Chemist: 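Dropping the structure in here first, questions after.
Remember, predicted model here, so these are calculated numbers, not experimental data. Each residue takes its place number in the sequence, starting with 1.
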Amino acid sequence: MRTTAELEERLARPSQGLVDDLGKLDGDIMILGAGGKLGPSLVRLALNATGGDRRIIAVSRFSEPGLAAALRDEGATVIAADVADEAALGELPDAPNVVFLVGAKFGTSGREHAAWFTNTYLPGRVADRFAGSRIAALSTGNVYPLVPVAEGGSTEDSPVGPVGDYAMSCLGRERVLTHFAERNSTPMSLLRLNYAVELRYGVLVDLAQKVLAGQPVDLTTGQVNVVWQGYANEVTLRSLLLADVPPYVLNVTGPELISVRQAALALGEALGQEPVFTGEPAPTALLSNASRCHRLFGYPELTPAELIEHTARWVTDGGPLLGKPTKFDRRDGRF
């Protein structure tokens with residue numbers, strides 16, 4: 001993957017499992033939040049997996065110039081709308097399958113009310129509007145507390161313990177969606193994702209940029225989960241078949257615990273730059289155990305070593321970046 005076109009093609013390359021699973025669904029698939037980080041590649045993946053046998057409806061404000069036209073040219077039914085606007089939400093067409101990607105994280109520190117509106121109130125309005133649909137909704141591993149690294153990460157049955165307003169508002173999203181699932185008998189799946197990576201953003205890009213710039217890599221958060229974005233998109237779409245009442249909860253991440261030190265050293269070797277470190281690893285970190293996901297859908301296509309190799313080459317070649325740091329090393333929940 002050396003160009004944006006090659007990266008987009010890889011992200012949108014469906015597995016046979018995805019093709020088979022989407023073939024079991026009836027009707028169109030609507031993707032709300034199609035203009036965000038995950039949305040465009042997920043729309044393209046759905047288009048490729050369904051082969052034009054149904055509408056893939058992409059809904060977003062589409063603030064990125066040219067994105068709406070590009071998705072339309074590729075076969076999506078594009079609707080430019082702000083789902084936070086009650087009138088616009090009500091005017092959306094019905095769809096039997098809905099993927100909900102809308103959320104707010106970065107820049108919400110100091111604007112906590114905005115995070116709660118987007119992450120907690122709005123999902124309830126969407127769930128009520130699409131009460132007759134099957135819904136897959138993106139959540140986050142941040143609903144879990146920091147856990148001892150030696151335990152290997154929180155499972156879906158572990159106690160939640162969100163740290164900070166962002167994480168609390170995301171747990172609020174899950175609670176509100178569960179309410180509407182039960183009130184309206186709407187089957188749902190909730191995907192607790194952390195941390196998705198591709199070559200333009202993610203934990204590995206954050207580390208590569210720090211290493212290349214000679215900036216210290218803080219080791220206090222010494223372990224982290226990452227997962228290839230293409231796999232996360234596949235699981236999100238396939239989870240529509242898992243949707244249930246109450247909602248089916250699924251952790252989505254890679255099978256490995258990634259050492260921040262070792263990842264930085266590997267990136268440094270590939271980049272020809274010796275990493276600079278600060279801090280000592282704490283005994284706890286935000287970690288998820290996604291073994292249930294792997295039993296259902298197999299392992300991610302790309303391993304951490306392959307992702308590190310691709311990321312280092314991309315950064316070295318000056319590939320475009322999204323400029324959206326993950327802030328994975330924040331331990332106070334302030335984003």
Chemist: Apply side-chain contact (heavy atoms from CB on, under 4.5 Å) to the pair V205 and T311, showing each step before the final yes or no.
Modeler: CA-CA 6 Å; V205 170; T311 300; 4.0 Å; yes
Chemist: Taking it one step at a time, do Y231 and F297 satisfy side-chain contact (heavy atoms from CB on, under 4.5 Å)?
Modeler: CA-CA 9 Å; Y231 178 83; F297 302 119; 4.0 Å; yes
Chemist: So, are D20 and R238 salt-bridged, with charged N and O less than 4.0 Å apart?
Modeler: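 Salt bridge flag = no for R238 with D20.
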Chemist: Checking T118 side chain against A115 main chain: does a donor-acceptor pair fall under 3.5 Å?
Modeler: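 No.
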Chemist: Distance check, rounded to the nearest 0.5 Å: T3 atom OG1 versus E9 atom CD?
Modeler: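 CD of E9 is found 9.5 Å from OG1 of T3.
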Chemist: I'd like to know if the side chain of T303 reaches the main chain of E306, judged simply by a donor and an acceptor atom lying under 3.5 Å from each other, with no hydrogens or angles considered.
Modeler: yes
Chemist: Are a donor atom and an acceptor atom from the side chains of S288 and N194 found within less than 3.5 Å of each other?
Modeler: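 Side-chain D/A pair, S288 to N194: present.
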Chemist: Can you see whether Y166 engages E112 through a side-chain donor-acceptor pair at a distance of less than 3.5 angstrom?
Modeler: no
Chemist: For N97 versus G27, what's the shortest heavy-atom pair and its separation?
Modeler: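 Answer, listing the atom of N97 first, then G27: ND2-O, 3.7 Å.
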Chemist: Under 4.0 Å between a side-chain nitrogen and a carboxylate oxygen: does that hold for E8 and R200?
Modeler: yes
Chemist: Looking at R111 and D165, is any side-chain nitrogen of the basic one under 4.0 Å from a carboxylate oxygen of the acidic one?
Modeler: no
Chemist: Side-chain donor-acceptor pair under 3.5 Å between R192 and Y144, yes or no?
Modeler: yes
Chemist: Identify the two heavy atoms, one from F130 and one from A95, that lie closest to each other, and give their separation to 0.1 Å.
Modeler: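 Of all heavy-atom pairs spanning F130 and A95, the closest is CE2-N, 4.3 Å.
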Chemist: Identify whether the distance between the nearest side-chain nitrogen and carboxylate oxygen of R10 and E6 falls below 4.0 Å.
Modeler: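 Judged by the 4.0 Å cut-off on N to carboxylate O distance, R10 and E6 do not form a salt bridge.
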Chemist: Could you state the interatomic distance from SG (C170) to CG (L138), rounded to the nearest 0.5 Å?
Modeler: 9.0 Å
Chemist: How close do S133 and T186 get, counting heavy atoms only, and between which atoms?
Modeler: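 In terms of heavy atoms, the two residues are closest at O-CG2, 3.1 Å.
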Chemist: Please confirm whether the backbone N or O of P246 pairs with a side-chain atom of D244, one donor and one acceptor, at under 3.5 Å?
Modeler: no
Chemist: Counting only heavy atoms not in R72, do more than 12 fall under 6.0 Å of its CZ?
Modeler: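 Yes, the 6.0 Å shell around CZ holds more than 12 heavy atoms from other groups.
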Chemist: For the backbone of G124 and the side chain of H179, can you confirm whether one donor and one acceptor N or O come within less than 3.5 Å of each other?
Modeler: no
Chemist: Please answer: with hydrophobic residues joined when any side-chain heavy atoms are less than 4.5 Å apart, are Y201 and V43 in the same cluster?
Modeler: yes
Chemist: Start with the C-alpha distance between V59 and M30, add both sets of side-chain angles, then the distance that settles side-chain contact (heavy atoms from CB on, under 4.5 Å), and finish with yes or no.
Modeler: CA-CA 7 Å; V59 180; M30 177 179 288; 4.0 Å; yes
Chemist: If you group Ile, Leu, Val, Met, Phe, Trp and Tyr by side-chain heavy-atom gaps below 4.5 Å, do I56 and L92 land in one group?
Modeler: no
Chemist: What heavy-atom pair brings K210 and P216 nearest, and what distance separates the two atoms?
Modeler: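 The answer is CD-O, 3.8 Å.
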Chemist: Within a radius of less than 6.0 Å around CZ of R61, do more than 12 heavy atoms belonging to other residues, nucleotides or ligands occur?
Modeler: no
Chemist: Measuring from atom NE2 of H310 to atom CG of L204, what distance do you get when rounded to the nearest 0.5 angstrom?
Modeler: 11.5 Å
Chemist: Can you tell me if CG on D26 sees more than 12 non-hydrogen neighbours from other groups inside 6.0 Å?
Modeler: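 No, because the 6.0 Å sphere around CG of D26 holds 12 heavy atoms or fewer from other groups.
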Chemist: Determine yes or no for a side-chain-to-main-chain donor-acceptor pair under 3.5 angstrom, with D332 supplying the side chain and R334 the backbone.
Modeler: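 Checked: pair present.
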Chemist: Ignoring hydrogens and geometry, is there a side-chain-to-backbone donor-acceptor pair from D85 to A88 under 3.5 Å?
Modeler: yes
Chemist: Does a salt bridge link D128 with R183, judged by any charged N lying under 4.0 Å from a carboxylate O?
Modeler: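 Between R183 and D128 there is a salt bridge, with a charged N closer than 4.0 Å to a carboxylate O.
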Chemist: Just by distance, do the side chain of W314 and the backbone of L321 share a donor-acceptor pair under 3.5 Å?
Modeler: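 Here the side-chain-to-backbone pair does not exist.
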Chemist: Any chance you could measure L191, atom CG, to Y248, atom OH, to the nearest 0.5 Å?
Modeler: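 Going from CG on L191 over to OH on Y248, the span is 10.5 Å.
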Chemist: From the options N225, V227, T140, select the one residue that forms a side chain to side chain contact (heavy atoms under 4.5 Å, CB included) with L193.
Modeler: V227
Chemist: Using a distance-only test with no angle check, is there a side-chain donor-acceptor pair under 3.5 angstrom linking E234 and S15?
Modeler: yes
Chemist: So, N289 and S291: side-chain donor and acceptor under 3.5 Å apart, yes or no?
Modeler: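 A pair is found: one side chain offers a donor N or O, the other an acceptor, under 3.5 Å apart.
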Chemist: Is the shortest side-chain N to carboxylate O distance from D157 to R292 below 4.0 Å?
Modeler: yes
Chemist: Would you please say whether a donor-acceptor pair under 3.5 Å links the side chains of T284 and R331?
Modeler: yes
Chemist: Search all heavy atoms of L190 against all heavy atoms of T178 and return the closest pair with its distance.
Modeler: CD1-OG1, 4.4 Å
Chemist: Look up atom CG in L207 and atom OG1 in T326, then write down how far apart they are to the nearest 0.5 Å.
Modeler: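 Output value for this atom pair is 8.0 Å.
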Chemist: Verify the cluster assignment for L302 and L42: are they in a single hydrophobic cluster under the rule of side-chain heavy atoms below 4.5 Å apart?
Modeler: yes
Chemist: Return the minimal non-hydrogen interatomic distance between V197 and V203, and the atom names on each side.
Modeler: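 Minimum heavy-atom contact is CG1-N, 3.7 Å.
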Chemist: Quick one: pull up CZ in R173 and CG in N119 and give me the separation to the nearest 0.5 Å.
Modeler: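 Rounded to the nearest 0.5 Å, the CZ-CG separation comes out at 4.5 Å.
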Chemist: For atom CD of E280, decide whether the heavy atoms of other residues, nucleotides or ligands shown that lie under 6.0 angstrom number more than 12.
Modeler: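 Result for CD/E280: open.
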Chemist: Please check: side-chain N/O of T120 versus main-chain N/O of F117, any donor-acceptor pairing under 3.5 Å?
Modeler: no
Chemist: Any side-chain donor paired with an acceptor under 3.5 Å for N233 and S41?
Modeler: yes
Chemist: Any donor and acceptor pair, going by atom type alone, linking the side chain of N251 with main-chain N or O of A290 inside 3.5 Å?
Modeler: no
Chemist: Count I, L, V, M, F, W, Y as connected when their side-chain heavy atoms are under 4.5 Å apart, and connections chain through other members. Are V99 and L45 then in the same cluster?
Modeler: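 V99 clusters together with L45.
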Chemist: For the pair R54 (side chain) and L25 (backbone), establish whether a donor and an acceptor sit closer than 3.5 Å, ignoring hydrogens and angles.
Modeler: yes
